[in-house]
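Just the heavy atoms: all of them, side chains too, but no hydrogens, waters or symmetry mates, feed the values below.
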Amino acid sequence: MVSVLCALGIAGCAGRAPEAARSRESLLRVAAAVSAEPGHGAPAAAPGAAAEEAAAAEEAEAHDDGGEVDDDFEPPAEPGVGAVVHSPLASMTEAQIEELLAKDPAALGPMSLGPTNAGALLNGVRMPEDPRWELVDPNHAWGTRETVESLERAIAEVHRQHPGSPKLYIGHISARSGGRLSPHKSHQAGRDVDISYFLDARHRWYQRATAANLDRERTWAFVRALITETDVELILIDSSVQRLLKEHALKIGEDKDWLDEVFQFGSRKPRPLIRHARGHANHIHIRFYSPVAQESAVRAYPLLVKRGAIKPTTYYVRHTAKKGQTLGSLARQYGTTVEAIKRANGLRSTAIQAKRVYNIPRAGGGPAAPPPKHVTVPPRRLPPPRAAEPPLPERRDDVGPALGG
């Protein structure tokens with residue numbers, strides 16, 4: 001798809017769509033890189049925390065019930081289920097869209113272009129400042145309107161249940177125009193969020209959650225709100241933390257079959273929402289559906305390409321390395337170069353690991369990336385009603401944000 005790196009800036013009062021650039025060049029600028037070397041740029045552990053880190057890592061390994069996934073994991077669509085949400089752009093003619101692209105592109109609203117690991121964000125919305133959370137990097141806290149509103153809704157639910165809750169730390173969402181954001185493989189299309197757990201009073205950003213410091217009650221309230229009140233696609237939580245949350249949920253009377261549907265830990269059910277991923281004991285990774293922003297991208301994509309506002313870049317295939325394969329053999333197999341594969345994966349040497357997945361660029365730029373696909377949002381995974389508790393409301397698919405900021 002497309003990968004974008006644009007000049008970034010902080011929009012004064014966030015939560016509003018930023019003023020869009022009026023020139024073609026500043027609408028979107030294309031870059032080819034799609035991933036970074038895992039682990040680069042992660043904060044160092046606090047002094048004296050080595051023993052705790054090692055114990056927690058060992059615990060995570062012991063309780064890992066499924067395969068490890070990266071933060072750019074794209075779960076396959078569930079066949080035949082879900083609702084298609086229509087963008088406000090669907091009722092506009094191509095001439096009307098082109099006129100707005102030329103005169104006032106911000107009026108088209110946010111667009112999430114392409115997959116989260118090779119995409120872009122147009123007319124992004126910055127996460128607002130609020131006493132209930134702290135933006136660790138405000139320059140890279142841009143998302144679709146749906147992402148921002150969903151995150152606000154889940155945090156608000158925790159504070160409704162537990163007034164006076166401590167603030168959360170919100171890490172990266174996306175750059176203002178999406179595209180590659182080091183050190184992540186994902187976070188390119190305004191739909192991914194890194195956020196802290198609720199921990200004890202000594203809480204700091206990127207601190208590992210353990211049995212000793214995890215606030216199970218508030219963290220479970222937050223995760224439960226994500227699942228039941230937002231259109232969440234994927235949640236990445238280390239299996240050691242999954243165990244603590246699932247045990248707490250069972251203790252307070254949550255339905256076991258429902259918990260087995262949403263947690264990967266302790267379950268063999270297919271397509272769990274909450275999956276294990278290495279490096280996610282110190283933060284939660286959330287990926288939201290943004291059906292309106294994604295459908296707007298589908299509608300506007302041909303016109304964006306026509307105007308030269310975006311340009312399809314190198315097409316990447318995903319390859320799981322086998323024992324004995326080298327970068328040279330992969331380059332020959334796919335008709336590319338060793339240096340191109342190194343750049344695409346943020347590799348500093350030619351060494352590769354068996355069973356690891358690599359992005360392989362096609363030679364000469366490869367075929368044009370396909371246009372964005374229509375998104376189907378699956379039904380929310382709602383638990384059975386608790387005793388004396390009214391059913392949770394279903395999502396309304398006929399309502400979407402109005403055009404403009």
Check: Which residues pass the side chain to side chain donor-acceptor pair (under 3.5 Å) test with Asp200, sequence neighbours left out?
Finding: Arg202

Margin query: Can you list everything that forms a side chain to side chain donor-acceptor pair (under 3.5 Å) with Arg160? Sequence neighbours excluded, please.
Written below: Glu157

Could you report the tightest heavy-atom contact between [X] and [Y], atom names first, then the distance?
X: Thr144; Y: Pro110; value: CA-CB, 4.2 Å
X: Arg191; Y: Glu233; value: NH1-OE1, 3.0 Å
X: Asp192; Y: Ser186; value: OD2-CB, 3.7 Å
X: Gly190; Y: Thr147; value: O-OG1, 2.8 Å
X: Phe288; Y: Leu151; value: CZ-N, 4.1 Å
X: Thr337; Y: Ala331; value: C-CB, 3.8 Å

When you measure from the side chain of [X] to the backbone N and O of [Y], does any donor-acceptor pair fall under 3.5 Å?
X: Gln294; Y: Ser290; value: yes
X: Gln242; Y: Phe265; value: yes
X: Asn345; Y: Asn359; value: yes
X: Gln188; Y: Gly119; value: yes
X: Trp133; Y: Pro128; value: yes
X: Glu229; Y: Ala154; value: no
X: Trp220; Y: Leu244; value: no
X: Glu146; Y: Ala293; value: yes
X: Asn123; Y: Pro105; value: yes

Report the residues that fulfil side chain to side chain contact (heavy atoms under 4.5 Å, CB included) with [X], sequence neighbours left out, ordered by chain and then residue number.
X: Arg299; value: Leu89, Glu94, Ile97
X: Thr350; value: Leu327, Val338, Lys342
X: Glu99; value: Lys103
X: Ser349; value: Ala351

Side chains of [X] and [Y], heavy atoms from C-beta outward: is any pair under 4.5 Å?
X: His187; Y: Thr116; value: no
X: Lys306; Y: Glu98; value: yes
X: His248; Y: Glu217; value: yes
X: Ile274; Y: Ile227; value: yes
X: Leu304; Y: Leu113; value: yes
X: Arg176; Y: Leu121; value: no
X: Asp194; Y: Val136; value: no
X: Ile341; Y: Ile352; value: no

Next item on the list: Could you verify whether a donor N or O on one side chain and an acceptor N or O on the other, from Ser150 and Thr230, lie under 3.5 Å apart?
Entry: no

Item checked: Donor-acceptor side-chain pairing of Ser296 and Ser87 below 3.5 angstrom -> yes

Item checked: Sole residue of Ile237, Asn282, Asn213, Thr210 in side chain to side chain contact (heavy atoms under 4.5 Å, CB included) with Tyr197 -> Ile237

Next item on the list: Output every pair passing ring-ring contact (aromatic ring centres under 6.0 Å, His included) with a member in residues 145-169, not counting sequence neighbours, ordered by first then second residue.
Entry: Tyr169-His203

Next item on the list: Determine, stepwise, if the pair Ile286 / Phe222 fulfils side chain to side chain contact (heavy atoms under 4.5 Å, CB included).
Entry: CA-CA 12 Å; Ile286 309 161; Phe222 176 61; 4.0 Å; yes

Margin query: side chain to side chain contact (heavy atoms under 4.5 Å, CB included) for Ile155 and Ile195? Distances and angles first, verdict last.
Written below: CA-CA 11 Å; Ile155 295 173; Ile195 192 167; 4.2 Å; yes

Next item on the list: I would like to know whether Leu214 and Leu245 meet side chain to side chain contact (heavy atoms under 4.5 Å, CB included); could you show each step before the answer?
Entry: CA-CA 9 Å; Leu214 179 67; Leu245 293 176; 4.1 Å; yes

Next item on the list: Flag the pair Glu134 and Lys167 as a salt bridge only when some basic side-chain nitrogen lies within less than 4.0 angstrom of an acidic carboxylate oxygen.
Entry: yes

Item checked: Greater than 12 external heavy atoms within 6.0 Å of Lys269's NZ -> yes

Check: Are His285 and His172 close enough that their ring centres sit under 6.0 Å apart?
Finding: no

Applying salt bridge (Lys or Arg N to Asp or Glu O under 4.0 Å), name anything that partners [X], two or more places apart in sequence or on another chain.
X: Arg132; result: Asp130
X: Lys322; result: none
X: Glu247; result: Arg243
X: Glu152; result: none

Note to self: Nearest 0.5 angstrom please: Gln333 CD to His319 NE2, how far?
What the structure shows: 5.5 Å

Notebook entry, point to check: What pairs of residues pass the salt bridge (Lys or Arg N to Asp or Glu O under 4.0 Å) test when at least one of them lies in residues 107-125, not counting sequence neighbours?
Noted result: none

